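Take a look at the structure set out below.
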Amino acid sequence: MSDLFPEGPDGLFPRDLSWHPPAATPGYKSTTFRAPRLPLLSLDATKSELTGPRFGHSLIGALDNDLIRNYSQDGTDAIGQRLIVYGQVLDENARPQPGVLVEFWQANAGGRYRHRKEGYQAAIDPNFGGCGRALTDENGFYTFRTVKPGAYPWPNGPNDWRPAHIHFSIFGSAFAQRLITQMYFEGDPMIWQCPIVGGIKDKAAIDQLTAKLDRHNTPPMDALAYRFDIVLRGRRATLFENRKEGL
């Protein structure tokens, strides 16, 4: 991380706005309707934003991190290529973050979400709900089982498709640390055809969103393993142009 975000003299990492795609990206049609049109205001963080939440283990059920089984209607597994997704959650100083709530959701193996407004005609898998959650352990690691999501069309352009991906929501040690992102799969040629990915100009940033195949942690005759590490900004506010900005 030090090569990408050089540390300042006060120990803070300055926010690099060029690392993120612009809020309005014409190739990603819906951003032109929802992107801010006026300069952003900088507000001081409140105590509640800086000190909570913390999650207890009692919130997590036995099958919450097993999307292959946690929605099964008849006791059988969800249909699709079986995967194990795991990784480590770190702060901006590469320190492991224990007790972090990691939530994930995705389409099924055919590329369809379980949602009443889903418009794609791919079949619903009755044994796949498509969502789960996990807490990181004492070393900041999370893990879950799932099936590889399928690609699907979306009404952005005449024939745009999303590559296979899994959505993530991560709660750090404070509400202001919440990160929402998505993970792609190494080697998928559709990544580079996606208008959403096209809004990210730095290839290194795209690589950071791409899970790597990990054959060393692939259980024989069971599931492929992919590793996806996640970096949070940390609890300290980052100063940007003499304003408190970007937790």
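Residue numbers run from 1 in the order of the sequence given. As the structure is a computational prediction, the values presented were derived from the model and not from experiment.
- Under a hydrophobic-cluster definition in which Ile, Leu, Val, Met, Phe, Trp and Tyr are linked whenever side-chain heavy atoms come within less than 4.5 Å, directly or via other members, Y71 and I68 are assigned to different clusters.
- Of the inter-residue distances, the one linking Q81 atom CD with L224 atom CG reads 5.0 Å to the nearest 0.5 angstrom.
- With sequence neighbours excluded, the residues forming a side-chain contact (heavy atoms from CB on, under 4.5 Å) with P96 are Q88, L90, listed by chain and number.
- Between G198 and K201 the shortest heavy-atom distance is O-NZ, 3.3 Å.
- The minimum heavy-atom distance linking A109 with G80 is given by the pair CB-CA, 3.8 Å.
- Once rounded to the nearest 0.5 Å, the distance linking CG of L67 with OG of S72 reads 12.5 Å.
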Where do L101 and I60 land on the side-chain contact (heavy atoms from CB on, under 4.5 Å) test, with the steps shown first? CA-CA 9 Å; L101 179 66; I60 303 297; 4.0 Å; yes
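- Side chain of T31 to backbone of T25: a donor-acceptor contact under 3.5 angstrom is found.
- Considering only residues two or more places apart in sequence or on other chains, T76 meets the side chain to side chain donor-acceptor pair (under 3.5 Å) condition with D74, N127.
- Within the structure, the ring pair (Phe, Tyr, Trp, His ring centres under 6.0 Å) test picks out the following pairs touching residues 97-119 (sequence neighbours left out): F104-F144, W105-H167, Y113-Y152.
- Of all the heavy atoms in G111 and Y120, the pair that sits closest is O-CD2, 3.4 Å.
- A distance-only check finds a donor-acceptor pair linking the side chain of T218 to the backbone of D214 [under 3.5 Å].
- Summarising the geometry, atom CE belonging to M183 is positioned 4.0 Å from atom CD1 belonging to I166; distances are rounded to the nearest 0.5 Å.
- Annotation: side chain of Q106 is in contact with side chain of F128 (closest heavy-atom distance under 4.5 Å).
- Judged purely by atom type and a 3.5 angstrom limit, N108 has no side-chain atom pairing as donor or acceptor with the backbone of A78.
- Applying the side chain to side chain donor-acceptor pair (under 3.5 Å) rule to R114 yields no partners; only residues at least two apart in sequence or on another chain are considered.
- I79 is not listed as a side-chain neighbour of V147, based on a closest heavy-atom distance of 4.5 Å or more.
- Side-chain atoms of D160 come within 3.5 Å of backbone atoms of G157 as a donor-acceptor pair (strictly under, hydrogens ignored).
- Distance CD1/I200 to SG/C194: 8.5 Å, rounded to 0.5 Å.
- Within a 6.0 Å radius of CD in Q73, more than 12 heavy atoms belonging to other residues, nucleotides or ligands are found.
- Taken together through direct or relayed side-chain contacts under 4.5 Å among Ile, Leu, Val, Met, Phe, Trp and Tyr, I191 and F185 form parts of separate hydrophobic clusters.
- Remark: N159 pairs with W161 by the side chain to side chain donor-acceptor pair (under 3.5 Å) rule, at least two apart or across chains.
- With values rounded to the nearest 0.5 angstrom, E103 atom CD is found 9.0 Å from I180 atom CD1.
- Grouping the Ile, Leu, Val, Met, Phe, Trp and Tyr side chains by contacts below 4.5 angstrom, directly or via other members, places W154 apart from I124.
- Of all non-hydrogen atoms in P22 and G199, the two that sit nearest each other are CD-O, 3.7 Å.
- In this structure a side-chain-to-backbone donor-acceptor pair under 3.5 Å is missing from D91 to L232.
- Legend: residues meeting side chain to side chain donor-acceptor pair (under 3.5 Å) with Q182, ordered by chain and number and at least two apart, are R162, Y184.
- Of the possible donor and acceptor atoms, one in the side chain of N156 sits under 3.5 Å from a partner among the backbone N and O of G27.
- Looking at R145, its side chain never comes within 3.5 Å of a backbone N or O of I84 through a donor-acceptor pair.
- A continuous path of hydrophobic side-chain contacts links I196 to I206 [ILVMFWY only; heavy atoms under 4.5 Å].
- In this structure, D229 pairs ionically with R227, as a charged nitrogen and a carboxylate oxygen lie closer than 4.0 Å.
- Looking at Q97, its side chain does come within 3.5 Å of a backbone N or O of R95 through a donor-acceptor pair.
- Cluster partners of F141, by chain and number: Y86. The rule joins Ile, Leu, Val, Met, Phe, Trp and Tyr whenever side-chain heavy atoms lie under 4.5 Å apart.
- A donor-acceptor pair is defined here as one N or O able to donate and one able to accept, closer than 3.5 Å; such a pair exists between the side chain of T136 and the backbone of G99.
- With contacts defined as side-chain heavy-atom distances shorter than 4.5 Å, the pair F171/V102 does not qualify.
- Residue L209 is not grouped with residue I230 when hydrophobic side chains (ILVMFWY) are merged at heavy-atom distances under 4.5 angstrom, including chains of intermediate members.
- In this structure, D137 contributes its side chain and N139 its backbone to a donor-acceptor pair below 3.5 Å.
- By the salt bridge (charged side-chain N to carboxylate O under 4.0 Å, His left out) test, D125 pairs with no residue at all, sequence neighbours left out.
- Nearest heavy atoms, A164 versus D188: N-OD2, 3.5 Å.
- Partners of W192 under the ring pair (Phe, Tyr, Trp, His ring centres under 6.0 Å) rule, at least two apart in sequence or in another chain, do not exist in this structure.
- Interatomic distance, NE2 of H165 versus OG1 of T210, reported as 13.0 Å (0.5 Å rounding).
- Under the salt bridge (charged side-chain N to carboxylate O under 4.0 Å, His left out) criterion, K203 pairs with D207, not counting sequence neighbours.
- Stacking of K212 on the aromatic ring of Y226 is not recorded, the 6.0 Å distance cut-off and the 45° axial limit not both being met.
- Take D77 and apply the salt bridge (charged side-chain N to carboxylate O under 4.0 Å, His left out) test, not counting sequence neighbours, and it matches R69, R82.
- Qualifying salt bridge (charged side-chain N to carboxylate O under 4.0 Å, His left out) partners for R133, counting only residues two or more places apart in sequence or in other chains: D64.
- Residues T143 and N65 have side chains in contact (heavy-atom distance under 4.5 Å, counting atoms from C-beta outward).
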